[in-house]
Amino acid sequence: MKISLPLASVLAAALMLSGCGTQANNEAGSDKQETTQESQKKAESVEKNASPSNEEKEDTGKQGIEKEETVKEAVEAPKEEEKKPSVPETPAVEKKQEPAEPKKEAPSAPASKPAEKPKSNAPVKPAAPAAPASPPKEDIKVTAQPNAIPVLINKQNKLPDNYTPADLVYTNVPFIFAEKLEKKKMRKEASDALSRLFAGAKADNIQLLGVSAYRSYATQTALFDAYVKKDGYEKASTYSAVPGTSEHQTGLSIDVTGGNGSCPAESCFGATKEAKWLKAHAAEYGFIIRYPEGKSAITGYKYEPWHLRYVGKSMASEIMSRGITLEEYLNAVPVSK
């Protein structure tokens, strides 16, 4: 059957419309499918967020177990307490608290610390005892004849306190010093004999000089104290006399030395020609070597070849020829050191 053109045009238009609808439906279906997929994804996301993760499940499980154990302990605890027999409550004994040990505090430093003296490796020398103003009365006696020429003055016999010879004069012999001091003085008889001795020595080509003759009690005190401070009492007393017991105070003694001034009042003088001359010739002028060598146990003093004592020619000759001391000549008790 033949269709007229107009109808054919209608059908074509209808088919066209139908095709558009199908395409629209397809597009709509596609959109719907995409929407459905998105919805499904959202649902899965929500479900995923809503459902706990394995870690959360594990934590939740742990919490549940801990909660269950806590509940179990809470339930069982009273049961254990119920099983224990009730014990009558006794008052608690208060434990006595030991007192705390007092804290030791460091001693407070003194307000002012005394200055320390510098240390030394040198041994400390003990202080020497002070020299007595006069020898002990019980150990020494006062001579009754201080003006006698052969008077014995030693560690056992002393001069009266503050004794001064009445006939002191200045000697006419040269000394190692020029000043006119009291130690240039001697008693008149002894001074004259000394002048002759010096003249005899000079004739034999021996030059002598005076060192020290008379010494007062005050001078001897100052000298002895100085020696004690230097060497101590015991040592000083072996070469210097305690005040009141010095032969120099008698005005009859003198220390001499060689003309060159060497070895004054020193042991080295004993080896000089001047000392040898005195030992050989002093007695000719009435003098003795008062403290000879090897006699310290008797005289109480060490060897002093320079110490001359006037006793007169007769006595001096016997003492020097026999090699004895004044103590031995007078039969006096020997003096111990």
TODO: Search all heavy atoms of Ala316 against all heavy atoms of Gly286 and return the closest pair with its distance.
DONE: CB-C, 3.7 Å

Open item on the list: With rounding to the nearest 0.5 angstrom, report the NE2 to OG distance, His307 to Ser212.
Closed with: 9.5 Å

Open item on the list: Surrounding CG of Asn205 (heavy atoms of other residues, nucleotides or ligands, distance under 6.0 Å), is the total greater than 12?
Closed with: no

Task: Residue list, ring-ring contact (aromatic ring centres under 6.0 Å, His included) with Tyr214, at least two apart or on another chain - done: none

Open item on the list: Distance check, rounded to the nearest 0.5 Å: Leu308 atom CG versus Ser253 atom OG?
Closed with: 8.5 Å

TODO: State which residues pass side chain to side chain contact (heavy atoms under 4.5 Å, CB included) with Ile319; sequence neighbours excluded, sorted by chain then number.
DONE: Ile288, Met315, Ile324, Leu326, Tyr329

TODO: Using a 4.5 Å cut-off on heavy atoms from C-beta on, say whether the side chain of Met320 contacts that of His281.
DONE: no

TODO: Please examine the side chains of Val173 and Leu208, heavy atoms only from C-beta on, and report whether any two atoms are closer than 4.5 Å.
DONE: no

Task: Whether Thr238 side chain and Glu234 backbone form a donor-acceptor pair below 3.5 Å - done: no

- [ ] Check whether any side-chain heavy atom of Thr171 lies under 4.5 Å from a side-chain heavy atom of Phe198, and answer yes or no.
- [x] no

Task: disulfide (SG to SG under 2.5 Å) contacts touching residues 284-326 (sequence neighbours left out) - done: none

TODO: Flag yes if Leu330 and Val311 sit in one hydrophobic cluster, no otherwise; membership is Ile, Leu, Val, Met, Phe, Trp, Tyr, and two members link when side-chain heavy atoms are under 4.5 Å apart.
DONE: yes

Task: ring-ring contact (aromatic ring centres under 6.0 Å, His included) involving Tyr301 - partner list, sequence neighbours excluded - done: Tyr291

Open item on the list: So Thr164 and Tyr217, do their side chains get closer than 4.5 Å, heavy atoms only?
Closed with: no

- [ ] Among residues two or more places apart or on two chains, list those pairs meeting disulfide (SG to SG under 2.5 Å) that have a residue in residues 179-270.
- [x] Cys263-Cys268

- [ ] Output the distance between atom CZ (Arg196) and atom CD (Glu284), rounded to the nearest 0.5 Å.
- [x] 12.5 Å

Open item on the list: Measuring only between side-chain heavy atoms, which start at C-beta, is Leu252 closer than 4.5 Å to Met186?
Closed with: no

- [ ] Taking Lys155 for its side chain and Ser237 for its backbone only, find out whether a donor-acceptor pair lies under 3.5 Å.
- [x] yes

Open item on the list: Looking at Thr245 and Ala241, would you say the former's side chain and the latter's main chain have a donor-acceptor pair under 3.5 Å?
Closed with: no

Open item on the list: For a quick test of reading the model, state the closest non-hydrogen atom pair linking Pro305 to Ile289 and the distance between them.
Closed with: O-CD1, 3.9 Å

Open item on the list: Before you tell me yes or no, could you show the steps for Arg322 and Glu328 under salt bridge (charged side-chain N to carboxylate O under 4.0 Å, His left out), namely the whole-Å CA-CA distance, both residues' side-chain angles and the distance that decides it to 0.1 Å?
Closed with: CA-CA 10 Å; Arg322 290 174 58 189; Glu328 291 170 299; over 6 Å; no

Open item on the list: Which residues pass the ring-ring contact (aromatic ring centres under 6.0 Å, His included) test with Phe177, not counting sequence neighbours?
Closed with: Phe175

TODO: May I have all residue pairs that pass disulfide (SG to SG under 2.5 Å) and include part of residues 151-188, sequence neighbours excluded?
DONE: none

Open item on the list: Looking at every non-hydrogen atom in both residues, tell me the closest pair between Ala332 and Leu152 and how far apart they are.
Closed with: CB-CD2, 3.5 Å

Open item on the list: For Tyr303, give me all partners under ring-ring contact (aromatic ring centres under 6.0 Å, His included), at least two apart in sequence or on another chain.
Closed with: none

- [ ] Kindly compute the distance separating CD (Glu304) from OG (Ser267), expressed to the nearest 0.5 Å.
- [x] 10.5 Å

Open item on the list: side chain to side chain contact (heavy atoms under 4.5 Å, CB included), that's the test. Do Leu194 and Phe287 meet it? Break it down for me.
Closed with: CA-CA 8 Å; Leu194 183 69; Phe287 289 88; 4.1 Å; yes

- [ ] Please report the C-alpha distance between Thr257 and Phe269 in whole Å, then the side-chain angles of each, then the deciding distance to 0.1 Å, and finally whether the side chain to side chain contact (heavy atoms under 4.5 Å, CB included) criterion is met.
- [x] CA-CA 7 Å; Thr257 189; Phe269 178 72; 4.1 Å; yes

TODO: Looking only at non-hydrogen atoms, find the nearest pair between Ser195 and Asn172 and report the distance.
DONE: OG-CB, 4.0 Å

Open item on the list: How long is the straight-line distance from OH of Tyr163 back to CD1 of Ile153, given to the nearest 0.5 Å?
Closed with: 8.5 Å

- [ ] State, with a plain yes or no, whether a side-chain heavy atom of Tyr233 is found less than 4.5 Å away from one of Val242.
- [x] yes

TODO: Say whether Ser246 and Gln249, considering side chains only, have a donor N or O and an acceptor N or O under 3.5 Å apart.
DONE: no

- [ ] Name all pairs fulfilling the salt bridge (charged side-chain N to carboxylate O under 4.0 Å, His left out) condition that reach into residues 181-194, sequence neighbours left out, sorted by first residue then second.
- [x] Asp167-Arg187, Lys188-Asp192

Task: Transitive ILVMFWY side-chain link Ile176 to Leu181, under 4.5 Å - done: yes

TODO: Could you tell me which non-hydrogen atom of Pro146 sits nearest to which non-hydrogen atom of Pro160, and how far apart they are?
DONE: CB-CD, 3.9 Å

- [ ] State, yes or no, whether a side-chain contact exists between Val256 and Pro264 at a heavy-atom distance under 4.5 Å.
- [x] no

Open item on the list: Arg290: which residues meet the side chain to side chain donor-acceptor pair (under 3.5 Å) condition with it, sequence neighbours left out?
Closed with: Glu247, Glu327

Task: Taking every non-hydrogen atom, the tightest pair across Pro165 and Gly251 - done: CG-N, 4.3 Å

Open item on the list: Suppose the criterion is salt bridge (charged side-chain N to carboxylate O under 4.0 Å, His left out): which pairs have a residue in residues 200-216, not counting sequence neighbours?
Closed with: Arg215-Asp255

Task: Pairs where residues 145-184 contributes a residue and the test disulfide (SG to SG under 2.5 Å) is met, not counting sequence neighbours - done: none

Task: Test item: Thr325 and Pro292 side chains (from C-beta on) under 4.5 Å apart, heavy atoms - done: yes

